[in-house]
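Quick note: numbers below take in every heavy atom, side chains included, and nothing from hydrogens, waters or symmetry partners. The chain is numbered in sequence order, starting from 1.
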Amino acid sequence: LDDADLRILGRSDFHAVICATGKMNRGQGIADLPRMLDAGINVCLGTDGSASDNLDVLMGMKVTYISQNHLHEQVYAFPPETILEMATTGGARALDWEMGRLAPGQLADFILVDSRRPHLCPLITSPRSNVLFNLVYYATGADVDTVIIDGEVIMEGREVTTLDEDEVLTRLQERAQHLWRRAAH
């Protein structure tokens, strides 16, 4: 898209969903995020599905960060704060949800990441902190320790509290095998 096209989209109710891992996996290019944001387009992060992506939004943040460095041929081409915003408030804005931030009156949806994992250390907390960079560049879904949705603890200590995970995985395997057998006939 040229700059005029982007400006038209920026003035409309248009939201771009970036699925960097899936698009790069299929050789479909890299979205120029600064151009989109400069045109006023709301950009959010997504995943393309398990056929071309691992459905890990945290890993998607890393791939998005790296893709922008590659596209613009420079280190730190795109700030990690902006990528985190695209993964949170950008998505909420695209769905017209009043969420994506922790504030009074908002739904209490958030995750806690275990920052004591070796690949997330050291964690420097200073005016030039690397906390957000570590989250965007190094964290994956496997680092999520706790998930709270609408104030309810759904996962704590990496254990799902609202269902029997083993039962769900067993049923998933059985259904997948059943569908595979049906498709083979």
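Here Arg93 pairs with Glu85 in a salt bridge; the nearest charged N to carboxylate O distance falls below 4.0 Å. Classification of Asp143 and Arg117 as a salt-bridged pair holds, one side-chain N sitting under 4.0 Å from a carboxylate O.
Summarising the local packing, CG of Asp2 is surrounded by more than 12 heavy atoms from other residues, nucleotides or ligands at distances under 6.0 Å.
A continuous path of hydrophobic side-chain contacts links Val113 to Ile154 [ILVMFWY only; heavy atoms under 4.5 Å]. Ile83 and Ile30 fall into different hydrophobic clusters, defined by Ile, Leu, Val, Met, Phe, Trp and Tyr side-chain heavy atoms under 4.5 Å apart, directly or through other members. Transitive grouping of hydrophobic side chains (ILVMFWY, heavy atoms separated by less than 4.5 Å) keeps Val136 and Phe110 in distinct clusters. Phe78 and Ile41 fall within the same hydrophobic cluster, where Ile, Leu, Val, Met, Phe, Trp and Tyr residues are linked whenever their side-chain heavy atoms come under 4.5 Å apart, directly or through other members.
The minimum heavy-atom distance between Met61 and Leu45, with the atom names listed, is CG-CD1, 3.5 Å.
A ring-centre distance under 6.0 Å is found for Phe133 and Tyr65.
In this structure, Cys19 and Thr47 have side chains that are not in contact, with every pair of non-hydrogen atoms separated by 4.5 Å or more.
At distances below 3.5 Å, not a single donor-acceptor pair connects side-chain atoms of Arg11 with backbone N or O atoms of Gly40. Between the Asp56 side chain and the Thr140 main chain, no donor and acceptor come within less than 3.5 Å of each other. Between the side chain of Asn69 and the main chain of Ala77, a donor-acceptor pair closer than 3.5 Å is present. Between the side chain of Gln68 and the backbone N or O of Ala31, at least one donor-acceptor pair lies under 3.5 Å. No donor-acceptor distance shorter than 3.5 angstrom exists from the side chain of Thr146 to the backbone of Val153, with no hydrogens or angles considered. With hydrogens and angles disregarded, a donor-acceptor distance shorter than 3.5 Å links the side chain of Asp109 to the backbone of Asp150.
Between Met36 and the choices Asp32, Leu33, Asp38, the side chain to side chain contact (heavy atoms under 4.5 Å, CB included) rule is met once, by Leu33.
Every pair tested for salt bridge (charged side-chain N to carboxylate O under 4.0 Å, His left out) that includes a residue from residues 60-82 fails, sequence neighbours excluded, so the list is empty.
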